[in-house]
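Written below as structure tokens is the structure these notes are about.
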Amino acid sequence: MPELPEVETTLRGIRPHLIDQSVKAVVVRQRQLRVPVSRGLKSKLKDQVVRDIERRAKYLLFHFDCGTLAIHLGMSGRLRVISASVPIDKHDHVDLLFNNGAQLRFRDPRRFGLVVWLGKRPLTSRWLAHLGPEPLSDNFNGDYLYSRAANRRGAVKNFIMDGRIVVGVGNIYASEALHHAHIHPARGAGRISRHRYDDLCVAIKRVLARAIDAGGTTLRDYVSADGVPGFFEQQLAVYGREGSPCGLCSTLIRRRVIGQRSSFFCSQCQH
DNA sequence: CCGGCCACCTGCGGGC
DNA sequence: TGCCCGCAGGTGGCCG
């Protein structure tokens, strides 16, 4: 489910409820996530106060005086603040209960997600240490992308989805940004001009920012209570639109597997 | 360092 | 109905 906009939207949704609150209890129903949830989590967090919550890449970082807890939503994770007594689903793996009555609930059917203790220097942990720049930051720009692409022979789509190059560009927005920038997803990363990397960088920033503004509703399973599909999905130009006409030239959108992931593009507009 | 491939896991929709 | 197949938002790790 979550690309970066969903993670950012989740952050904005939960933060006001949890800042300055102290942990009353930790409930772990299923510890077999991508890595096992550590057994000491309960005693470590008990009575600790949430000093801040922030996002780095697609990780949500919960800062306490004694260290930082990271939660990653993987492919199918969701994190919600609920009031007491919402029924427990079979995939509700972890709850953090707070003294103000708030309840942070982590649900993740596929269990590719992560609830992991990073200690006092989270940025040096193995999960965060090697990550590239944030896509919406100023140090992510065309110059940077172009310089990192030198001599790389792999497909540009794989290149921009590599978290060591830039974080937060998932499978949906990689296809979208490349369409915006008129770049073919299979083109070698090292065979793209400086100027076109400017365009690609702007496109990445724009598709992510627009999705965040739309409330991070990228997903097929983000359906509102009255059954209306997620708002932003209707704005996707190519992702999931195989066989329908390109909005720019009416050529039929094609799907092709690149780096074991489905990629969508217009063979007329993108080169 | 780089590219290619695999693994982890559950659910859903389509075809037969 | 029910089974089997392919597909799905991520990313660390391994191998050559």
Side-chain angles (χ1 to χ4, degrees), chain A residues 1-11 29-37 55-60 70-79 89-94 106-116 118 125-132 135 147-177 185-191 204 207-208 211-212 214-223 229-236 238-243 255-264:
Chain A
M1 136 179 131
E3 291 235 13
L4 182 137
E6 284 78 11
V7 180
E8 181 66 29
T9 300
T10 298
L11 169 66
R29 301 182 194 83
Q30 164 64 278
R31 62 179 70 251
Q32 295 307 310
L33 304 180
R34 187 142 70 91
V35 301
V37 179
R55 180 187 61 72
R56 172 73 175 108
K58 293 171 185 167
Y59 296 86
L60 290 168
I71 297 183
H72 193 289
L73 302 180
M75 292 275 261
S76 58
R78 279 200 207 195
L79 204 52
D89 179 87
K90 69 191 277 206
H91 300 300
D92 289 342
H93 304 316
V94 179
F106 176 70
R107 172 181 301 180
D108 185 11
R110 293 178 73 179
R111 286 190 275 129
F112 291 169
L114 209 55
V115 177
V116 65
L118 301 186
S125 70
R126 71 155 169 139
W127 302 102
L128 307 184
H130 61 88
L131 294 178
S147 65
R148 294 299 304 267
N151 302 317
R152 292 189 67 133
R153 314 176 74 88
V156 63
K157 177 162 179 278
N158 297 340
F159 174 66
I160 61 174
M161 290 180 68
D162 183 340
R164 292 164 299 187
I165 303 301
V166 57
V167 300
V169 182
N171 199 41
I172 295 176
Y173 296 111
S175 278
E176 291 298 305
R187 188 173 191 84
R191 295 185 50 255
I204 289 170
V207 295
L208 292 176
I212 292 169
T217 54
T218 320
L219 316 169
R220 65 178 106 252
D221 55 350
Y222 260 78
V223 175
F231 172 67
F232 192 74
E233 186 173 356
Q234 298 161 24
Q235 299 188 37
L236 295 177
V238 288
Y239 185 85
R241 296 204 179 286
E242 181 184 20
R255 183 181 85 94
R256 182 163 144 194
V257 175
I258 300 171
Q260 359 269 87
R261 312 296 299 276
S262 281
S263 309
F264 299 87

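First the proteins, then the strands, lettered A, B, ... as listed; each starts at 1.
Protein atom CZ of A:Arg34 is 7 Å distant from nucleotide atom C1' of C:dG10, rounded to whole Å. For the pair A:Asn151 CG and B:dC2 C1', the computed distance is 11 Å after rounding to whole Å. Following rounding to the nearest Å, A:Ile160 (CD1) and C:dT11 (P) show an atom-to-atom distance of 14 Å. A:Ile258 places its CD1 atom 16 Å from the C1' atom of B:dC5, with the value rounded to the nearest Å. C:dT11 atom C1' lies 9 Å from atom NZ of A:Lys58, rounded to whole Å. Separating the CE atom of A:Met161 from the C1' atom of C:dG12 is a distance of 14 Å, rounded to the nearest angstrom. Following rounding to the nearest Å, A:Trp127 (CH2) and C:dG13 (C1') show an atom-to-atom distance of 10 Å. Straight-line distance from the CD atom of A:Glu242 to the C1' atom of C:dG6: 13 Å, rounded to whole Å.
Per the stacking criterion (ring centres < 5.5 Å, plane angle < 30°), A:Phe112 does not stack onto the base of B:dC9.
Around atom CZ of A:Arg153, no more than 12 heavy atoms belonging to other residues, nucleotides or ligands sit under 6.0 Å away. No more than 12 heavy-atom neighbours from other residues, nucleotides or ligands sit within 6.0 angstrom of CZ on A:Arg191.
Here the nucleotide nearest the side chain of A:His91, chosen from B:dT10, C:dT11, C:dG12, is B:dT10. Of the candidates B:dC9, B:dG11, C:dT11, the closest approach to any side-chain atom of A:Arg110 belongs to B:dC9. Distance from the side chain of A:Arg152 is smallest for B:dG3 among the nucleotides C:dC7, B:dC6, B:dG3. Comparing C:dT11, C:dG12, B:dC6 against the side chain of A:His130 picks out C:dG12 as the nearest. The side chain of A:Tyr59 lies closest to C:dG12, out of C:dG12, C:dG10, B:dG3.
Counting any heavy atom pair closer than 4.0 Å across all strands shown, A:Arg255 reaches sugar-phosphate atoms only and no base atom. Counting any heavy atom pair closer than 4.0 Å across all strands shown, A:Gly74 reaches sugar-phosphate atoms only and no base atom. Residue A:Gln260 is classed as a base contact, given a heavy-atom separation below 4.0 Å to a base. Among the protein residues, A:Arg261 comes within range of the nucleic acid bases, having at least one heavy atom under 4.0 Å from a base atom.
In this structure, C:dC7 and B:dG11 make a Watson-Crick or G-U wobble pair, each of the two defining distances being under 3.5 angstrom.
A gap of 14 Å separates the P atoms of C:dG6 and B:dC6, to the nearest Å.
Taking side-chain N and O atoms only, A:Ser76 has no distance below 4.0 Å to OP1 or OP2 of B:dC9. OP1 and OP2 of C:dG10 both lie 4.0 Å or more from every side-chain N or O belonging to A:His72. Put simply, A:Lys90 has no side-chain N or O that comes within less than 4.0 Å of OP1 or OP2 on B:dT10.
A:Arg111 contributes no side-chain N or O that forms a donor-acceptor pair with the base of B:dC9 under 3.5 Å.
Between A:Phe264 and A:Tyr239, the ring planes lie perpendicular to each other; the angle is over 60°, past the 30° to 60° tilted range.
Of the options A:His72, A:His93, A:Gln30, A:His91, a side chain to side chain contact (heavy atoms under 4.5 Å, CB included) to A:Asp108 is made by A:His93 and by none of the others. When the options A:Val7, A:Ile71, A:Leu11 are evaluated for a side chain to side chain contact (heavy atoms under 4.5 Å, CB included) with A:Leu79, the one that passes is A:Ile71.
Projected onto DNA chain C by closest heavy-atom contact, A:Gly170 and A:Arg126 fall at different nucleotides, the more 5' of which corresponds to A:Gly170.
In this structure, A:Asp89 CG and A:Arg29 CZ are separated by 9.5 Å, a value rounded to the nearest 0.5 Å.
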